[in-house]
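A short worksheet on the structure shown next.
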Amino acid sequence: SQKIEQNSEALNIQEGKTATLTCNYTNYSPAYLQWYRQDPGRGPVFLLLIRENEKEKRKERLKVTFDTTLKQSLFHITASQPADSATYLCALGDGATNKLIFGTGTLLAVQP
Amino acid sequence: NAGVMQNPRHLVRRRGQEARLRCSPMKGHSHVYWYRQLPEEGLKFMVYLQKENIIDESGMPKERFSAEFPKEGPSILRIQQVVRGDSAAYFCASSVDRANYEQYFGPGTRLTVT
């Protein structure tokens with residue numbers, strides 16, 4: 001069955017460093033991949049979408065890569081700030097039904 | 001520019017009662033998705049609707065759960081005869097249309113069944 005794995009452990013980094021989060025998947029061929037941010041008690045907030053024919057996408061301090069051969073996406077936050085502390089979710093879509101399959105998320109803590 | 005709106009934000013029901021969750025999509029969006037997030041678990045897709053149409057309900061439990069998105073008014077997720085296992089956060093998301101894959105989520109409704 002389809003499986004999405006994100007860093008199971010919380011990620012602790014120092015302010016100003018680059019945070020790198022990993023999303024690996026198996027038994028799936030997504031047409032696109034999305035990254036969301038979720039704060040406690042709130043709904044996910046859309047950050048970036050990358051399609052299967054794109055290698056990399058950037059938005060301000062965020063960068064996403066997508067390797068369909070490795071079945072992996074990397075999500076980078078450069079010059080991290082304590083306000084970036086949250087859970088980050090990876091979600092895959094097949095482009096046919098638009099339903100998203102989510103990973104369980106990685107908790108990022110940026111220490112001042 | 002109001003985002004996706006959901007109400008109520010918190011809902012408490014006794015076992016056996018009905019729960020009705022409402023979702024108004026973002027302005028200009030005609031596609032709605034419902035997801036459920038159980039404690040310590042990831043978001044799970046439930047159903048995908050367009051106005052007056054169910055596009056994909058592959059994630060909906062076979063019994064007690066139903067969803068609609070009428071021509072006028074919000075989308076409704078209805079859970080009949082709730083059980084303790086239905087306690088979860090229910091999120092609604094919307095998108096512009098079928099070709100636009102970006103989904104924007106509401107704040108969620110936290111359902112507690114006592």
Side-chain angles (χ1 to χ4, degrees), chain A residues 1-10 21 23-26 28-54 57 59 62 64 66 73 86-107, chain B residues 2-7 9-10 21 23-26 29-50 53-60 67 69 88-112:
Chain A
S1 62
Q2 301 154 350
K3 196 173 178 184
I4 302 174
E5 289 185 342
Q6 297 188 243
N7 311 62
S8 56
E9 303 284 327
L21 285 66
C23 175
N24 294 298
Y25 60 92
T26 55
Y28 198 62
S29 296
Y32 56 90
L33 187 149
Q34 303 190 33
W35 283 89
Y36 288 82
R37 168 187 173 137
Q38 187 173 25
D39 291 281
R42 294 179 174 266
V45 175
F46 171 79
L47 296 174
L48 280 168
L49 179 150
I50 187 165
R51 295 170 191 263
E52 59 179 335
N53 59 350
E54 297 175 312
K57 208 143 193 198
K59 180 182 174 183
L62 309 180
V64 173
F66 193 11
S73 174
T87 295
Y88 289 85
L89 306 172
C90 160
L92 307 182
D94 61 15
T97 66
N98 283 19
K99 70 180 180 186
L100 293 175
I101 300 173
F102 279 86
T104 50
T106 298
L107 178 61
Chain B
V4 177
M5 298 176 69
Q6 291 188 248
N7 67 79
R9 294 293 308 277
H10 299 274
L21 288 60
C23 168
S24 295
M26 281 180 74
H29 287 198
S30 60
H31 291 241
V32 163
Y33 313 79
W34 285 94
Y35 293 83
R36 177 165 65 174
Q37 190 170 38
L38 292 165
E40 308 304 323
E41 290 189 22
L43 284 152
K44 302 287 187 200
F45 169 81
M46 298 182 76
V47 63
Y48 167 26
L49 309 110
Q50 193 182 357
N53 270 322
I54 296 176
I55 308 295
D56 182 350
E57 56 182 345
S58 59
M60 286 280 268
F69 189 14
Y90 291 83
F91 291 98
C92 167
S94 71
S95 65
V96 172
D97 54 34
R98 193 158 188 166
N100 256 285
Y101 302 130
E102 297 171 11
Q103 294 183 22
Y104 295 86
F105 282 77
T109 294
R110 275 143 191 86
L111 172 66
T112 302

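The structure presented is a predicted model; accordingly, all values stated were derived computationally and were not measured. Chain identifiers are assigned alphabetically (A, B, ...) following the order of the sequence lines, protein sequences preceding nucleic acid strands; residue numbering begins at 1 within each chain.
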Across chain B and chain A, going purely by atom type as modelled, what donor-acceptor pairs are there at a distance under 3.5 Å?
| from | atom 1 | to | atom 2 | distance (Å) |
| --- | --- | --- | --- | --- |
| A:Gln34 | NE2 | B:Tyr101 | O | 2.8 |
| A:Tyr36 | OH | B:Gln103 | O | 2.9 |
| A:Gln38 | OE1 | B:Gln37 | NE2 | 3.4 |
| A:Gln38 | NE2 | B:Gln37 | OE1 | 3.2 |
| A:Gly41 | O | B:Arg110 | NH2 | 3.1 |
| A:Ala96 | O | B:Arg98 | NH2 | 3.0 |
| A:Asn98 | O | B:Gln103 | NE2 | 2.7 |
| A:Asn98 | ND2 | B:Tyr33 | OH | 3.2 |
| A:Asn98 | ND2 | B:Arg98 | O | 2.8 |
| A:Lys99 | NZ | B:Ser58 | OG | 3.0 |
| A:Leu100 | N | B:Tyr35 | OH | 3.1 |

_So which atom in B:Phe91 and which in A:Gly43 form the shortest heavy-atom distance, rounded to 0.1 Å?_
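In terms of heavy atoms, the two residues are closest at CE2-CA, 3.3 Å.
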*For A:Leu49, is it the side chain, the backbone, both or neither that has a heavy atom under 4.5 Å from a heavy atom of chain B?*
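Contact with chain B is through the side chain of A:Leu49 alone.
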*Answer with side chain, backbone, both or neither: which region of A:Leu89 has an atom nearer than 4.5 Å to a non-hydrogen atom of chain B?*
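For A:Leu89, the side chain is the part near chain B, not the backbone.
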*Can you tell me if CE on B:Met60 sees more than 12 non-hydrogen neighbours from other groups inside 6.0 Å?*
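Yes - once you tally the heavy atoms of other residues, nucleotides and ligands closer than 6.0 Å, there are more than 12.
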*Among the options B:Pro107, B:Gly108, B:Ala89, B:Gly59, pick out the one with the most heavy-atom pairs lying under 4.5 Å from chain A.*
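Most heavy-atom pairs within the cutoff with chain A belong to B:Pro107.
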*Return the option, out of A:Gly41, A:Ala31, A:Gly103, with the maximum number of heavy-atom pairs under 4.5 Å with chain B.*
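Between A:Gly41, A:Ala31, A:Gly103, the count favours A:Gly41.
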